[in-house]
Amino acid sequence: QVQLVESGGGSVQAGGSLRLSCTQFGYTYSSNYLGWFRQAPGKEREGVASIFTVSREQSTYYADSVKGRFTISQDNTKNTLYLQMNNLQPEDTAIYYCAATYTVGRPLRAETYSYWGQGTQVTVSA
């Protein structure tokens, strides 16, 4: 059974940085999407970043709102997905979720993903 466990959330001031981690259990990497999503109060869950792996080839995808500030990466030796978030802004405040899937679909759409973590809170103050 696939299990995803996030960590690394917290509170920072605007302009600060955080790195989120997502450790995967029971998940294999032959062909897959791994992604980060976020959900702010009263808003829909939105895709932040995704990494698609086929064999040893990887492609990354980012929401326009985070391009140039966030970086997604995967360390298969540690079964861990990361999201490095720099220059955080108050509008980045949300619960951040890690997600995984074996199916091919739209990388930043929640319906593409089958497995979800429990979420970690990120709060950015002005």
If I compare all heavy atoms of [X] with all of [Y], which pair ends up nearest, and what's the gap?
X   : Y    : result
A14 : A126 : CB-CA, 4.3 Å
T23 : K78  : CG2-O, 4.4 Å
S21 : T80  : CB-CG2, 4.1 Å
A40 : A94  : N-CB, 3.8 Å

Does a side-chain heavy-atom distance below 4.5 Å link [X] with [Y]?
X   : Y   : answer
I72 : L81 : yes
Y33 : I51 : no
N32 : L34 : yes
Y82 : S73 : yes

Does anything in residues 117-126 form a side chain to side chain donor-acceptor pair (under 3.5 Å)? List the pairs, not counting sequence neighbours.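 Checked against side chain to side chain donor-acceptor pair (under 3.5 Å) - neighbours excluded - the pairs reaching residues 117-126 are E6-Q118, Q121-T123.
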Which pairs pass side chain to side chain donor-acceptor pair (under 3.5 Å) with one or both residues in residues 39-48, sequence neighbours excluded?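 Sorted result for residues 39-48: R38-E46, Q39-R45.
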Quick one: ring-ring contact (aromatic ring centres under 6.0 Å, His included) pairs with a partner in residues 107-126, sequence neighbours left out?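 Matches after skipping sequence neighbours: F37-Y113, F37-W116.
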Would you mind listing every salt bridge (charged side-chain N to carboxylate O under 4.0 Å, His left out) that reaches into residues 108-126, with sequence neighbours excluded?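 Residue pairs with at least one partner in residues 108-126: R109-E111.
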For residues 9-22, pull every pair meeting salt bridge (charged side-chain N to carboxylate O under 4.0 Å, His left out), keeping only residues two or more places apart or in separate chains.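 Salt bridge (charged side-chain N to carboxylate O under 4.0 Å, His left out) check on residues 9-22 returns no pairs.
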Report the C-alpha distance between Y62 and V48 in whole Å, list the side-chain angles of each, state the deciding distance to 0.1 Å, and finish with yes or no for side chain to side chain contact (heavy atoms under 4.5 Å, CB included). CA-CA 6 Å; Y62 295 94; V48 175; over 6 Å; no
Can you sort out the partners of S114 under side-chain contact (heavy atoms from CB on, under 4.5 Å), two or more places apart, ordered by chain and number?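 In terms of side-chain contact (heavy atoms from CB on, under 4.5 Å), with neighbours along the sequence ignored, S114 is linked to T101.
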Quick one: side-chain contact (heavy atoms from CB on, under 4.5 Å) partners of V12, sequence neighbours excluded?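 Result, side-chain contact (heavy atoms from CB on, under 4.5 Å) vs V12: L18, L88, V124.
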Give me each pair satisfying disulfide bond (SG atoms under 2.5 Å apart) with a member in residues 54-126, each pair once, sequence neighbours excluded. C22-C98
Return yes when atom CD of Q13 has more than 12 non-hydrogen atoms of other residues, nucleotides or ligands closer than 6.0 Å, and no otherwise. no
Not counting sequence neighbours, which residues clear ring-ring contact (aromatic ring centres under 6.0 Å, His included) with Y97? List them please.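 With sequence neighbours excluded, Y97 shows a ring-ring contact (aromatic ring centres under 6.0 Å, His included) to no residue whatsoever.
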With ILVMFWY side chains joined below 4.5 Å, transitively, what does F25's cluster contain besides itself?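 Reading the cluster by chain and number, F25 sits alongside V5.
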Sequence-distant partners of N86, side chain to side chain donor-acceptor pair (under 3.5 Å), two or more places apart: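 Counting only residues at least two positions away or on another chain, N86 forms a side chain to side chain donor-acceptor pair (under 3.5 Å) with S17, Q84.
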Verdict with reasoning, M85 to V122, per side chain to side chain contact (heavy atoms under 4.5 Å, CB included): CA-CA 10 Å; M85 304 185 295; V122 171; 3.9 Å; yes
Apply salt bridge (charged side-chain N to carboxylate O under 4.0 Å, His left out) to R69 and list each qualifying residue two or more places apart in sequence or on a separate chain.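 R69: salt bridge (charged side-chain N to carboxylate O under 4.0 Å, His left out) contacts with D92.
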